[in-house]
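Report on one structure; see the data block that follows.
Per chain, numbering begins at 1; letters A, B, ... match sequence-line order.
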Amino acid sequence: MRPDLHADIVSRTEPAPEPAQARGLGSYVATVLICCLATVVAALLRGVLAEVNLALIYLLSVVVVTVRFGRGPGILASILAVLAFDVFLVEPLHSFSVADTQYLFTFAVMLTVSLIVSHLTANLRRQAIIAKARARRADAQFGLSKDLASALTIEQISEIAVLHLATAFYGTGNILIANSGGTLDYSPLVTTPGIGHGTASVMAQAVFDRDHKEGETDAVSATGQLHFIPLRAPMRVRGVLVLFNSECGTPEQVRLLQAFAAQIALAIERVHYVDVWRETAMEMESERLRNSLLSAVSHDVRTPLAAIVGLSSALANTTHLPPDTVRELARAIQEDALRMNDLVTNLLDLARLQTGGTRLNREWQLIEEVIGSALAISHRVIEPMHIELSLPAHLPLIAYDAVLLERVLCNLLENGARHAAKGLWIGITAALTETELQISVTDRGPGVPEGNEDRIFAKFVHGIGVPSRDGVGLGLAICRTIVEAHGGKIWVEPALDGGASFVFTLPLGTPPDISTMNSGDPQ
Amino acid sequence: MTVRPVRVLLIEDDGKIRRFLRMTLESEGITVFEAESGREGLAEAARQQPDLVILDLGLPDMDGVEVIRQLRAWSDVPVVVLSARSAETQKVLALDSGADDYLTKPFGNLELMARLRLHLRRRAVASEKDAVPFFEFGSVKVDLVQRQVTRAGEAVHLTPIEYKLLCALIRKAGKVLTHAHLLREGWGDGHAGNSHYLRIYMGHLRQKLESDPTRPTFIVTETGVGYRFVANELASPSSTVHAKSAPPPPIETST
């Protein structure tokens with residue numbers, strides 16, 4: 001953007017806004033009237049002031065006329081002033097003839113000074129007008145670019161553009177965005193009254209296609225009061241700006257319109273690439289997940305599967321196996337099949353939970369109940385462990401999905417049992433705060449290495465030094481998904497005597513009324 | 001008095017599972033009848049008069065729940081349904097339609113036999129003596145005539161609703177009772193939305209009757225479904241799965 005060039009263009013092409021021409025004849029009539037007024041004033045003061053001072057009254061009127069009406073009336077005023085001075089104030093009165101020839105010199109100087117003053121004043125006036133127009137345009141552009149900078153979606157850009165087109169051009173503007181196939185979205189036109197949108201959309205498409213193919217720059221197609229400007233961004237044409245019923249006729253306004261179009265096009269392209277980036281980032285993330293899922297599945301599913309295939313083929317194809325061996329093989333097959341069942345269950349659960357396919361079946365119930373059933377289910381895993389329960393008496397009812405919360409507790413118990421091999425102790429405690437119930441499952445294992453506290457809740461993350469055969473690293477991810485679905489939080493903290501403490505919270509909420517529970521049930 | 005083998009009807013469309021069930025049951029001396037579809041199953045049930053029905057809920061020709069409803073119209077044979085995991089609503093529906101218990105796939109033979117024994121025993125006991133005046137579990141004695149409950153010789157005070165719930169559990173010992181069923185037993189109709197009443201009362205019962213209320217051994221929670229009463233003479237199903245005790249004697253009912 002080169003302001004000098006623009007100023008130049010404006011000064012050469014901008015007589016239009018000057019009020020003198022805009023009002024035409026009126027200003028010339030006014031000029032004549034002002035000159036008459038000056039003559040009357042001068043005639044009245046003729047006996048009081050010297051003739052030189054009377055001439056100054058005319059000079060004053062020339063300046064007034066030029067400032068008010070511009071260059072043309074100024075020149076007229078200069079000539080009228082000299083003639084009036086000659087006719088009404090210089091002897092002989094009421095005649096163009098002059099008694100003293102030195103007045104000819106006076107007239108000449110007076111005319112010259114008038115013309116110069118008029119010229120200078122006119123120039124000043126034009127500069128002021130140009131500066132004002134430039135400021136207005138800069139304001140309009142600044143306002144647009146400021147608003148566009150904060151736009152995050154195509155819809156927002158469209159809204160901002162419509163608003164600014166209306167303020168700057170007093171017209172109705174629309175942004176038609178092209179889709180990837182090169183077809184414009186005409187829907188904004190439909191909601192705009194006053195134009196035959198069928199024709200307009202055809203014309204807009206024509207403008208878009210021409211610009212798209214031929215790369216013609218700065219093309220403005222105007223038909224009457226309809227303007228079509230391609231939205232040209234560095235990479236490609238993004239759409240077409242349509243403006244109608246507007247005050248956009250002068251080259252300067254067209255120029256401003258083009259500047260608008262360029263800014264809008266840039267904004268559209270920026271949003272487009274932000275979207276592209278976001279999609280790419282998401283694809284990369286899901287690709288990463290897919291890869292870790294694949295490697296986890298290929299390892300954790302294939303290992304037990306390989307064992308099952310191998311062991312069962314041994315059973316099927318070997319004759320005369322001692323009965324003890326047969327039993328041993330079968331038991332190994334059973335173990336691996338159960339492990340695969342756990343894995344598939346976890347995978348399905350997580351998929352179901354994360355795709356939002358599960359609705360929580362929340363019911364008001366006692367937390368002791370689910371702790372009890374989780375302990376009963378996990379008995380196989382925790383059989384050798386000493387479980388220490390510490391639950392305060394009279395805990396309130398909590399709204400939770402029993403099946404899912406049982407899963408959280410089972411996973412935490414299994415996790416604890418896996419890591420607490422040496423300690424053989426697991427503690428379960430519950431504590432009330434004002435707004436939530438905190439439940440922690442603590443083991444005396446090696447604890448979670450510092451810096452890994454958040455990572456272990458991600459999918460497919462194994463504990464340090466834990467053979468991946470013991471799990472797929474999905475248990476804690478499921479815990480987090482379930483707890484967060486209940487509106488709670490889950491985290492791990494170091495336990496007092498080494499080991500890790502997994503804590504999760506459940507919001508208390510407002511338990512239901514139980515006042516009628518005991519009706520007909522005397523104690 | 002002759003001893004006839006226990007007869008079990010198997011309604012299951014998958015051949016491999018049928019084979020596994022038949023093998024397990026026959027090794028226990030049980031006579032097995034098979035049916036591949038619901039219609040065939042109902043016909044077999046009428047013809048063979050089995051002592052127990054094992055029913056898969058995912059049948060090709062008709063809904064398993066519908067099979068139970070039709071069966072219950074004329075028979076009170078114990079029904080154990082086989083269902084997939086995370087199908088609690090289906091389980092509840094089956095139980096409310098008259099099924100006695102469920103097994104979640106996959107399951108092992110020990111788990112299966114523990115459950116079957118529970119229901120076959122229950123049936124035998126129920127048919128032998130309809131009115132049991134006393135019931136004992138752990139150190140708890142329930143006198144059903146005097147309406148008195150003692151624990152280790154000392155009287156336990158139960159409220160009328162608590163006593164009603166306990167009786168409902170004892171009457172159907174071994175069977176899974178859904179929340180809706182127990183609510184009706186304790187409070188009558190119209191309390192379907194008040195399942196938290198039941199949870200609080202079950203908590204009270206455990207406090208009064210269990211030695212460790214948070215790890216109950218008699219009043220067992222069936223998560224998402226309801227409750228089951230497990231008397232000590234009938235081993236708890238979970239503990240039998242990996243029990244290393246000698247195989248129990250074959251089940252027989254006298255006719």
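Using a 4.5 Å cut-off between heavy atoms, A:Gln365 contacts chain B through both its backbone and its side chain. Using a 4.5 Å cut-off between heavy atoms, B:Ile200 touches chain A through backbone and side chain atoms alike. When heavy atoms are compared at a cutoff of 4.5 Å, A:Leu391 approaches chain B solely by way of its side chain, counted from C-beta outward. At a 4.5 Å heavy-atom cutoff, the contact between B:Tyr227 and chain A is made by side-chain atoms alone.
Minimum interatomic distance between B:Gly224 and A:Val403 (heavy atoms only, all atoms of both residues): CA-CG2, 3.9 Å. Taking each heavy atom of B:Gly203 and A:Leu366 in turn, the nearest pair found is CA-CD1, 4.2 Å.
Taken to the nearest 0.5 Å, the NE2 atom of B:His196 stands 7.5 Å off from the CG atom of A:Asp513. Distance CD/A:Glu363 to CZ/B:Arg199: 4.5 Å, rounded to 0.5 Å. To the nearest 0.5 Å, atom CG of residue B:Asp212 and atom CG of residue A:Leu375 are 9.0 Å apart. Between the OG1 atom of B:Thr214 and the CD1 atom of A:Ile367 there is a distance of 12.5 Å, given to the nearest 0.5 Å. Taking CZ of B:Arg215 as the start and NE2 of A:His379 as the end, the distance is 11.0 Å to the nearest 0.5 Å.
Highest contact tally toward chain B, considering only A:Leu405, A:Ile377, A:Leu397, is held by A:Leu397 [criterion: heavy-atom pairs under 4.5 Å].
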